[in-house]
**Student:** 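The structure that follows is given in the form of structure tokens.
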Amino acid sequence: MFLRSAYGGCRQSGPSTVSGDAPPNEELLRSIVSSMETGVIVWAAGTGALVSCNEAAERIVGCAGTELRGTTIRDPRWEVVGEDGESFPDEALPTLATLRTGCAESGVILGLLRADGARIWLRASSAPVPLSPAGEAAGVVTTFVDITPLREATARYQRARGIAEAMEGANVGTWELNLVTGHAERNPRWAEILGCTLAELPPTFAAFTERIHPDDRPCLAIMETGLRERPPFVYECRARHQRGHWVWVQVRGKVVERDPDGTARRVCGVLVDIEARKRNEESLRASLAENERLVRELQEALLNIKTLEEFLPICMYCKSIRNDEGSWANMETFIEGRSPTTFTHSICPSCLEKNFP
């Protein structure tokens with residue numbers, strides 16, 4: 001549909017034809033405007049009613065020209081909001097501002113709720129239509145482009161950048177693997193955990209799997225399960241550091257893109273250095289083992305003390321003690337066999353005086 005004339009009413013859709021009484025330059029202008037990707041609407045100066053538009057305008061706002069014909073700038077169907085999501089003030093609308101001041105407005109960002117319920121974002125400009133023979137502006141022409149895809153892409157980029165910055169702040173390595181091409185993307189922290197730079201590692205997943213400790217390779221089956229199923233996957237393993245030693249890392253990932261048949265195409269995740277945590281766990285295990293040993297020794301000592309506290313059969317003459325097997329042994333031998341006690345011998349003052357006067 002080519003531009004409907006602001007002076008000759010609304011022309012119906014159809015092939016472009018050159019009117020016998022239309023100046024050649026006007027018909028050329030109509031053809032140019034009709035082929036533009038920019039939406040163009042002409043509003044009457046007195047009533048603010050829509051009197052002409054091009055195909056791009058109809059496509060962007062989601063209404064046919066027959067539906068738009070005669071609507072005004074303040075028509076309820078033009079629900080407009082600003083970038084903050086609040087209703088856009090009438091006085092700030094570029095078309096109304098131009099009608100009021102006669103000055104052009106340029107690059108105004110606004111959101112429009114289409115008839116189908118979709119919210120689109122436009123960059124709009126307006127300018128007075130050339131003066132009529134009476135010396136007054138015949139109306140206002142408003143031009144606009146749909147920047148919804150650009151805003152969505154910008155929002156996605158900002159979210160991704162925010163996530164990346166958060167990951168950097170958390171000291172976490174990030175990775176993304178294209179399972180179709182085998183190409184892997186990692187951030188600098190990912191390589192730093194392995195003691196190298198991104199330039200020193202091929203952009204493949206094998207660059208990591210080749211570094212996994214042989215005893216930990218079965219953990220890759222966890223990832224393979226995650227690629228087939230929906231839940232995220234997590235595994236821990238030792239990876240060879242660039243200097244030759246092993247470091248403990250945790251790998252987390254999730255499939256973010258699949259083919260229609262469910263085959264995984266793209267997977268993203270993080271790499272976390274857990275070496276310090278593993279050292280703490282090992283230290284804790286050693287401490288627990290030592291505590292268990294001390295508890296066992298204490299229990300044995302208490303058992304020995306309890307044994308000694310029981311009634312003992314003792315000879316009233318030689319003071320030998322009978323054990324559980326019925327054998328007799330002197331007191332020192334009996335006690336030493338049931339406790340860590342070792343006897344040393346001396347002479348008390350009474351015996352010293354009695355035996356060595």
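Basis for what follows: all heavy atoms, side chains included, without hydrogens, waters or symmetry-related copies.
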**Student:** Output yes when a side-chain donor or acceptor of R217 lies under 3.5 Å from a complementary backbone atom of T209, and no otherwise.
**Tutor:**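 Yes.
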**Student:** Mind running salt bridge (Lys or Arg N to Asp or Glu O under 4.0 Å) on E91 and R100 for me, showing each step along the way?
**Tutor:** CA-CA 9 Å; E91 62 273 13; R100 185 176 66 254; over 6 Å; no
**Student:** Can you see which heavy atom on T38 is nearest to which on A56, and at what distance?
**Tutor:**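 The answer is O-CB, 3.5 Å.
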**Student:** Looking at R279, is its backbone amide N or carbonyl O close enough to the side chain of S283 to form a donor-acceptor pair, meaning the two atoms are under 3.5 Å apart?
**Tutor:**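 No, the answer is negative, given that no donor and acceptor are paired below the 3.5 Å cut-off.
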**Student:** Shortest non-hydrogen contact from P203 to R186?
**Tutor:**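 Heavy atoms of P203 and R186 come nearest at CA-NH2, 3.7 Å.
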**Student:** Indicate the atoms forming the closest heavy-atom contact of L110 with L93, along with that distance.
**Tutor:**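 Nearest pair, atom of L110 first, then L93: CD2-CD2, 4.3 Å.
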**Student:** Provide the closest heavy-atom pair for L99 versus G48 in the form atom of the first, atom of the second, distance.
**Tutor:**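 The answer is CD1-CA, 4.5 Å.
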**Student:** Output all residues satisfying side chain to side chain contact (heavy atoms under 4.5 Å, CB included) with P149, sequence neighbours left out; order by chain, then residue number.
**Tutor:**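 For P149, the residues satisfying side chain to side chain contact (heavy atoms under 4.5 Å, CB included) (neighbours in sequence not counted) are D146.
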**Student:** Before you tell me yes or no, could you show the steps for W43 and T142 under side-chain hydrogen bond (donor to acceptor under 3.5 Å, both in side chains), namely the whole-Å CA-CA distance, both residues' side-chain angles and the distance that decides it to 0.1 Å?
**Tutor:** CA-CA 8 Å; W43 310 87; T142 302; 3.1 Å; yes
**Student:** Identify the heavy atoms of R211 and Q242 that sit nearest to each other, and give their distance.
**Tutor:**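 Between these two residues, the closest heavy atoms are NH2-OE1, 2.6 Å.
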**Student:** Is any side-chain heavy atom of F208 closer than 4.5 Å to a side-chain heavy atom of L194?
**Tutor:**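 Yes, close enough: below the 4.5 Å cut-off.
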**Student:** Classify the ring geometry between Y235 and F233 as parallel (under 30°), tilted (30 to 60°) or perpendicular (over 60°).
**Tutor:**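 The rings of Y235 and F233 lie parallel, inter-plane angle below 30°.
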**Student:** Using atom types as modelled and distance alone, determine if a side-chain donor or acceptor of N187 lies under 3.5 Å from a backbone N or O of T174.
**Tutor:**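 Side chain of N187 to backbone of T174, a donor-acceptor pair under 3.5 Å: yes, one is there.
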**Student:** Please check if the number of heavy atoms outside R252 that lie under 6.0 Å from its CZ is greater than 12.
**Tutor:**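 Atom CZ in R252 is not packed in, count stays at 12 or less.
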**Student:** Validate the cation-pi geometry between R238 and W246: distance from NZ or CZ to the six-membered ring centre under 6.0 Å, angle to the ring axis within 45°.
**Tutor:**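 No - R238 does not lie over the ring of W246 by the 6.0 Å and 45° rule.
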**Student:** Does E290 have more than 12 heavy atoms from other residues, nucleotides or ligands lying within 6.0 Å of its CD?
**Tutor:**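 Atom CD in E290 is crowded, with more than 12 foreign heavy atoms closer than 6.0 Å.
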**Student:** Salt bridge check, R151 against E83: does any charged N sit closer than 4.0 Å to a carboxylate O?
**Tutor:**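 Answer for the salt bridge query: yes.
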**Student:** Should K278 and E236 count as side-chain neighbours, where that means a heavy-atom distance under 4.5 Å?
**Tutor:**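 Yes, side chains in contact.
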**Student:** Hey, does the side chain of E257 reach the backbone of R265 with a donor-acceptor pair shorter than 3.5 angstrom?
**Tutor:**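 Not at all, since once roles are kept as given, no pair shorter than 3.5 Å links the two residues.
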**Student:** How close do L271 and W175 get, counting heavy atoms only, and between which atoms?
**Tutor:**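 Scanning both residues completely, I find the closest heavy atoms to be N-CD1, 4.0 Å.
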**Student:** Hey, could you give me the CG/CZ distance between D273 and R189, rounded to the nearest 0.5 Å?
**Tutor:**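 The distance works out to 5.5 Å.
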**Student:** Would you say CZ of R285 has more than 12 non-hydrogen atoms from neighbouring residues, nucleotides or ligands within 6.0 angstrom?
**Tutor:**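 Yes - once you tally the heavy atoms of other residues, nucleotides and ligands closer than 6.0 Å, there are more than 12.
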**Student:** Could you check whether any side-chain N or O of D259 sits under 3.5 Å from a backbone N or O of G262, counting only pairs where one atom can act as donor and the other as acceptor?
**Tutor:**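 No, because the side chain of D259 does not come within donor-acceptor range (under 3.5 Å) of the backbone of G262.
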**Student:** Please confirm whether the backbone N or O of A104 pairs with a side-chain atom of S126, one donor and one acceptor, at under 3.5 Å?
**Tutor:**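 Judged by distance alone, no pair lies under 3.5 Å.
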**Student:** Are the side chain of T98 and the backbone N or O of C103 linked by a donor-acceptor pair below 3.5 Å?
**Tutor:**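 Yes, because the side chain of T98 sits within donor-acceptor range (under 3.5 Å) of the backbone of C103.
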